[in-house]
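Values below: all heavy atoms of this structure, side chains included; hydrogens, waters and symmetry mates excluded.
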Amino acid sequence: MSSRDVVLARVRRALADVPRGEGPSDPPVPRDYHRVHGSRTTAQSVDLLAENLADYRAIVHRSDAEGLPGLIHRLLVERGARTVVVPPGLDPAWLDPAWRDPSSAAGSDVTLVEDHASSTPYELDAVDSVLTGCAVAIAETGTLVLDAGPDQGRRRITLVPDHHICVVRVPDQVVGSVPEALPRLAPERPLTWISGPSATSDIELDRVEGVHGPRTLEVILLAGSRETG
């Protein structure tokens with residue numbers, strides 16, 4: 001028998017007790033697993049998110065709406081970023097107005113690069129940083145989920161630049177567990193799940209960062225902010 005025959009024979013044996021005509025969606029699948037784990041308060045979930053993000057080597061900051069533009073500006077300047085790509089639906093209140101005025105002293109620090117469908121990976125690779133929001137943040141796993149919403153943009157802008165600043169609206173976008181996050185997400189959208197900076201240990205078990213995405217991830221937990229749209 002060939003390898004193909006062996007595999008098909010195993011499949012037939014495994015399906016021997018399946019009634020003829022039964023489809024994949026016919027058998028009932030129990031969904032009785034726990035969605036909520038424990039009894040954390042909202043503040044405790046936010047603290048757990050921050051702890052797990054830091055454990056994954058993300059850099060975590062906290063801010064309110066008033067201090068957010070200044071914090072973002074400072075992080076970019078400290079990084080030495082001269083250009084930052086922003087999605088078209090990003091909340092303009094997050095940005096220092098001076099950035100849009102090249103003639104001002106503050107505006108000369110950072111140049112905003114708008115995301116366009118025509119932007120190539122080579123053009124994005126020349127951009128220093130990217131600034132986005134997120135769809136949901138999962139406390140237990142320290143995971144940010146992006147779904148290409150208006151304030152997140154296309155997937156490629158968060159994978160090519162080497163520095164990603166992601167703003168999480170607290171408490172609206174923070175959930176405790178993965179089962180709590182899934183109902184908030186549309187499976188037909190391009191979902192990107194981020195747990196810390198991009199890293200791999202595929203070669204000789206040596207950790208290498210920045211292979212599949214940004215080498216540096218900074219997360220701002222924006223207190224008292226509500227989702228819009």
- Message: Show, in sequence, the C-alpha distance, side-chain angles and deciding distance for T216 and R57, and conclude whether the side-chain hydrogen bond (donor to acceptor under 3.5 Å, both in side chains) test is met.
- Response: CA-CA 8 Å; T216 302; R57 302 192 187 185; over 6 Å; no
- Message: Whether the T111 and T83 side chains hold a donor-acceptor pair (N or O, under 3.5 Å, no angle test) is what I'd like checked.
- Response: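 Checked: T111/T83 side chains show no N/O donor-acceptor pair below 3.5 Å.
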- If we ignore angles and hydrogens, is there a donor and acceptor under 3.5 Å between the side chains of D147 and Q152?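 Judged by distance alone, the side chains do pair up.
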If you measure from [atom1] on [X] to [atom2] on [Y], what distance do you get to the nearest 0.5 Å?
X    : Y    : atom1 : atom2 : result
D47  : T41  : CG    : OG1   : 7.5 Å
R82  : D128 : CZ    : CG    : 9.0 Å
C166 : I220 : SG    : CD1   : 9.0 Å
L144 : Q173 : CG    : CD    : 9.5 Å

- Task: Mind running side-chain hydrogen bond (donor to acceptor under 3.5 Å, both in side chains) on H164 and E218 for me, showing each step along the way?
- Result: CA-CA 6 Å; H164 182 187; E218 301 203 60; over 6 Å; no
- Message: Within the structure provided, determine whether V178 and E140 are in side-chain contact (heavy-atom separation under 4.5 Å).
- Response: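 They are not in contact (no side-chain heavy atoms under 4.5 Å apart), so the answer is no.
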- Message: Could you tell me if the side chain of T192 sits less than 4.5 Å from the side chain of V145, heavy atoms only?
- Response: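 Side chain of V145 against side chain of T192, heavy atoms only: no contact under 4.5 Å found.
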- Message: Regarding R156 and D125, does a basic nitrogen lie under 4.0 Å from an acidic carboxylate oxygen?
- Response: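 No salt bridge links R156 with D125.
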- Task: Determine, using the 4.5 Å side-chain heavy-atom cutoff (strictly less than), whether L182 and V136 are members of one ILVMFWY cluster.
- Result: yes
